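See structure below.
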Amino acid sequence: RKGKNERTALQPAALQRCRLAATCHVPRCTGSAPRKGVKGRGRWPDGGTSTRMSRTDGIDAPGSEAGDDAITLRCDYLIVGAGATGMAFADVVLAEGDGSASIVMVDKRPDPGGHWNNASGFVRLHQPACYYGVPSERLEREGDASAFKYEDLSGGGEIRSYYRFLMDKYERGGRVRFYAGCTYDRSADDGTFRSDADGTLYRVEARRRIVDSTYTNVEIPSERPPPFEVDPSVECVPINGLEGMDLSSGKRKRFIVAGAGKTGIDAILYLLNNGVSESDIVWIVSRDAWMFNRDWFNPRTAMLTFPDALTCHKRSFEAYMTEMERIGFYLRIDGGISPSKFSCATVEAHELDQLRSLSNVVRRGRIQAITNSHLIMTKGNPLPFDVDDNVVVNCTANGIPRRPPVPVWQGKKIVLQPVSFCQAAFSAAIIGYVECCPRDKFRTDTDRNNIMRPVPYPVDTRDMIRSSLLSMWNRFEGYGLDSRTKSWCNKCRLLLSSHSSPATTMQLFFGFVLYRQLVAYQKGIEMKMAQHKDEFGVEFELFNSRGPQKSAKLAEAARTVLFVSVALWFVVLALVCIVAYIVFPGRSALSSSIS
Ligand SMILES: Cc1cc2nc3c(=O)[nH]c(=O)nc-3n(C[C@H](O)[C@H](O)[C@H](O)COP(=O)(O)OP(=O)(O)OC[C@H]3O[C@@H](n4cnc5c(N)ncnc54)[C@H](O)[C@@H]3O)c2cc1C
């Protein structure tokens, strides 16, 4: 139209964007077509080592031009970090946006996939693959009912393949350019980044936003030196060092695994599953942790079993955790020790048995130093150490360090953070979805921030109270029940609810399970608010602490679900009456059906 052409003629960048949209629209992927020509155990072959070289030479994003000392790139979004969160955000913008948004992604690493690039092949997801990745593409295998089993969780190699496949797909679509091996200048935070290979400086003019996916700052042990002094004669390896090591050669007598987080657990299970005897493993546990029981996350049954966990209403936090352990939701290694840590680690009952089989568990604080004869601990006596026979597996890292939550939308910037308890990928996806919603749905950043509060990763046990309350608020007062986002959430493959089978859905309504769940959530909120008051000495400010209903939207949802469940039973009864009337035309339908 004339008016439109006039406008675009005045704005060359916008014109380019429109052309791009016309020619390079990426259709929404159903995720059903397997990648051709790749062989592997599952759908995503074990990726092995990186094949991607730095892509910065000669590749410019749409609308680029050379400046004096910097190459200027124009796009709609600059996404810093191509890990799970950056990729999930990009995926939603491409699939749900107006079809025109162009994206520049930049990452220090040579490949997308974030910390999984440095993970060993045997390091796996802790939660089922069907809740991980991006909304548009399945990561789990066919027949995902078994995906919650440890043997079928995606490993580091598969995850790398998955993200490489996605990045190739996005780049082929023409709306994404990936600048690998480049470091974004976080201190200047002005859209500039530099190639690590040749120092080329890039300046990005992001028309819409700069998206920071690095704020949570995941730290994995293989990427940092041991946080203790190590004598040069000592063999101290990260978890990756175990891969390829001949464990059965009998050359080593003892493995000393330092760290009780996800990586430490993975290292111990790997050693045990590869023939190392439990007596040859020493586990240094500085702090015991609570863990999720993976059985509760079975995609086929989770929606039915969760109410059991929700109906556990104990006022004292300690009693609550004990009760949750009794029903099998949370697990710990030693029932006699009260854990002080929770970092979203997830295990299955048989893995817990394996971990419990270790008799050499050392609880003397952290390692301070390793000499050629001893492990110096922060508490208690040093442990004897034999440089010829022992190898230290360093699995210590902060994982996800504590960082103060900040608003997600901040003018030109989006800071990706979890907005759902221990669910990084879904969190980035829902943020992407809200960002894509038309401006008449969300007019301001305040509108957007108002439907989701950051849910910091818990570090200490009592952080779980606040983080789960924030997550519940998002779910029941924020995006989860907000009319603008609710139906997208329910369909998103990264959420539990989207994996219900038709039979489960029937049970949810006909068995009044969903109604019971929603009522249980209301009580759960009340109980957690009381725990919050006890533990932190202040009220949890978001839910209404004075009114009889802590969450008005939740109460309304419960009433609606009850109405639907009852209505469904009436429909069934009516159908029975009709059938009875047809089969027994001479008698009253109701008495026939009753008889
Ligand atoms: C063994 C293990 C198992 C896990 N299992 C699960 C699970 O099952 N489910 C789950 O939800 N979570 C799991 N997690 C948690 C996991 O940390 C998150 O799921 C997620 O991978 C984090 O992604 P991210 O994008 O935030 O961070 P990252 O993966 O660290 O990505 C951030 C990226 O930003 C890049 N970057 C940082 N700074 C810059 C800069 N200045 N310039 C350019 N690039 C930069 C980094 O190179 C990195 O690639 C697991 C973690 C571990 C260690």
Side-chain angles (χ1 to χ4, degrees), residues 56 78-90 104-134 139-140 147-148 150 153-156 159-160 162-163 167 178-189 191-196 202 204 210-223 238-240 259 261-267 269-270 291-292 294 297 343-347 395 397-401 403 415-418 420-429 431 457 494-495:
T56 57
L78 165 63
I79 302 180
V80 182
T85 55
M87 292 294 280
F89 181 90
V104 166
M105 290 187 88
V106 52
D107 202 300
K108 292 193 279 200
R109 291 188 162 96
D111 270 305
H115 70 78
W116 292 104
N117 282 292
N118 294 53
S120 315
F122 66 84
V123 172
R124 296 180 166 268
L125 281 175
H126 274 221
Q127 288 177 16
C130 59
Y131 310 131
Y132 200 79
V134 302
L139 173 62
E140 68 277 16
F148 74 104
Y150 183 76
L153 297 170
S154 302
I159 297 171
R160 285 195 292 274
Y162 172 80
Y163 282 118
M167 188 58 90
F178 179 39
Y179 289 78
C182 292
T183 300
Y184 180 73
D185 187 347
R186 288 200 61 182
S187 52
D189 203 7
T192 57
F193 66 87
R194 215 175 258 285
S195 158
D196 298 335
Y202 295 85
V204 182
I210 295 179
V211 181
D212 181 5
S213 81
T214 68
Y215 185 74
T216 42
N217 194 18
V218 179
E219 192 180 77
I220 59 167
S222 60
E223 290 184 323
I239 186 172
N240 309 39
K262 288 191 188 69
T263 312
I265 291 171
D266 284 342
L269 294 174
Y270 178 77
M291 293 167 282
F292 281 129
R294 192 173 298 122
F297 295 88
S343 57
C344 311
T346 311
V347 292
C395 301
N398 268 341
I400 299 168
R403 302 214 62 184
V415 183
L416 296 182
Q417 293 154 90
S420 182
F421 194 59
C422 296
Q423 286 176 304
F426 169 75
S427 299
I431 293 171
Y457 280 108
L494 302 172
L495 267 196

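None of these values were measured; they are calculated from a predicted model. We count ligands from 1, going down the list as the structure has it; atoms in each ligand are counted the same way.
Taking every heavy atom of both residues into account, Ser427 and Pro418 meet most closely at OG-CA, 3.4 Å. Nearest heavy-atom pair, Tyr215 versus Arg403, reported as atom, atom and distance to 0.1 Å: O-NH1, 2.7 Å.
Formation of a donor-acceptor pair under 3.5 Å by the Lys262 side chain with backbone atoms of Val123 is not found in this model. Under the 3.5 Å distance criterion, the side-chain polar atoms of Tyr179 are left unmatched by any main-chain donor or acceptor of Asp107. No donor-acceptor distance shorter than 3.5 angstrom exists from the side chain of Asp111 to the backbone of Asn117, with no hydrogens or angles considered. A donor-acceptor contact shorter than 3.5 Å links the side chain of Thr346 to the backbone of Cys344. Using a distance-only test at 3.5 Å, with no hydrogens or angles considered, no donor-acceptor pair links the side chain of Arg186 to the main chain of Asp212. With hydrogens and angles ignored, the 3.5 Å screen pairs a side-chain donor or acceptor of Ser213 with a backbone N or O of Val80. Side-chain atoms of Tyr131 come within 3.5 Å of backbone atoms of Phe297 as a donor-acceptor pair (strictly under, hydrogens ignored). Judged purely by atom type and a 3.5 angstrom limit, Arg160 uses its side chain to pair as donor or acceptor with the backbone of Trp116.
When the heavy-atom distances from atom 15 (C) of ligand 1 to Lys108, Met105, His115, His126 are ranked, the shortest goes to His115. Summarising the contacts of atom 33 (C) of ligand 1 with Asp107, Thr85, Asn117, Val106, the nearest heavy atom is found in Asp107. By heavy-atom distance, the residue among Ala84, Cys422, Ala88, Gly114 lying nearest atom 23 (O) of ligand 1 is Ala84.
Atoms of ligand 1 found under 4.0 Å from any heavy atom of Trp116 (numbered from 1 in listed order, with element): 2 (C), 3 (C), 4 (C), 21 (O). Against a heavy-atom cut-off of under 4.0 Å, Lys262 is close to the following atoms of ligand 1: 2 (C), 3 (C), 4 (C), 50 (C), 51 (C), 52 (C). Proximity to Thr214 (heavy-atom distance under 4.0 Å) selects the following atoms of ligand 1: 34 (O), 36 (N), 37 (C), 38 (N), 39 (C), 45 (C). When each atom of ligand 1 is checked for a heavy atom of Tyr132 under 4.0 Å away, the hits are 9 (N), 10 (C), 11 (O), 12 (N), 18 (C), 19 (O), 20 (C), 21 (O). In summary, the atoms of ligand 1 found under 4.0 Å from a heavy atom of Thr216, numbered by their order in the structure, are 26 (O). Taking every heavy atom of Gly81 and a limit of under 4.0 angstrom, the matching atoms of ligand 1 come to 33 (C), 34 (O), 35 (C). Taking every non-hydrogen atom of Arg124 and a distance limit under 4.0 Å, the qualifying atoms of ligand 1 come out as 3 (C).
Residue contacts with ligand 1, taken as heavy atom pairs separated by less than 4.0 Å, do not involve Asp185 at all. No part of Phe193 comes within 4.0 Å of ligand 1, judged by heavy-atom distances. Residue contacts with ligand 1, taken as heavy atom pairs separated by less than 4.0 Å, do not involve Tyr131 at all. At a heavy-atom distance under 4.0 Å, no atom of Met87 approaches ligand 1. Contact annotation: for Val123 versus ligand 1, heavy atoms closer than 4.0 Å belong to the side chain alone.
Remark: Tyr163 OH to Met87 CE distance equals 7.0 Å, nearest 0.5 Å.
For the pair Gln127 and ligand 1, the shortest N or O to N or O distance falls below 3.5 Å. For ligand 1, the polar-atom distance check against Tyr457 finds no nitrogen or oxygen pair separated by under 3.5 Å.
Using a 4.0 Å cutoff on heavy atoms, Cys182 counts as a contact of ligand 1.
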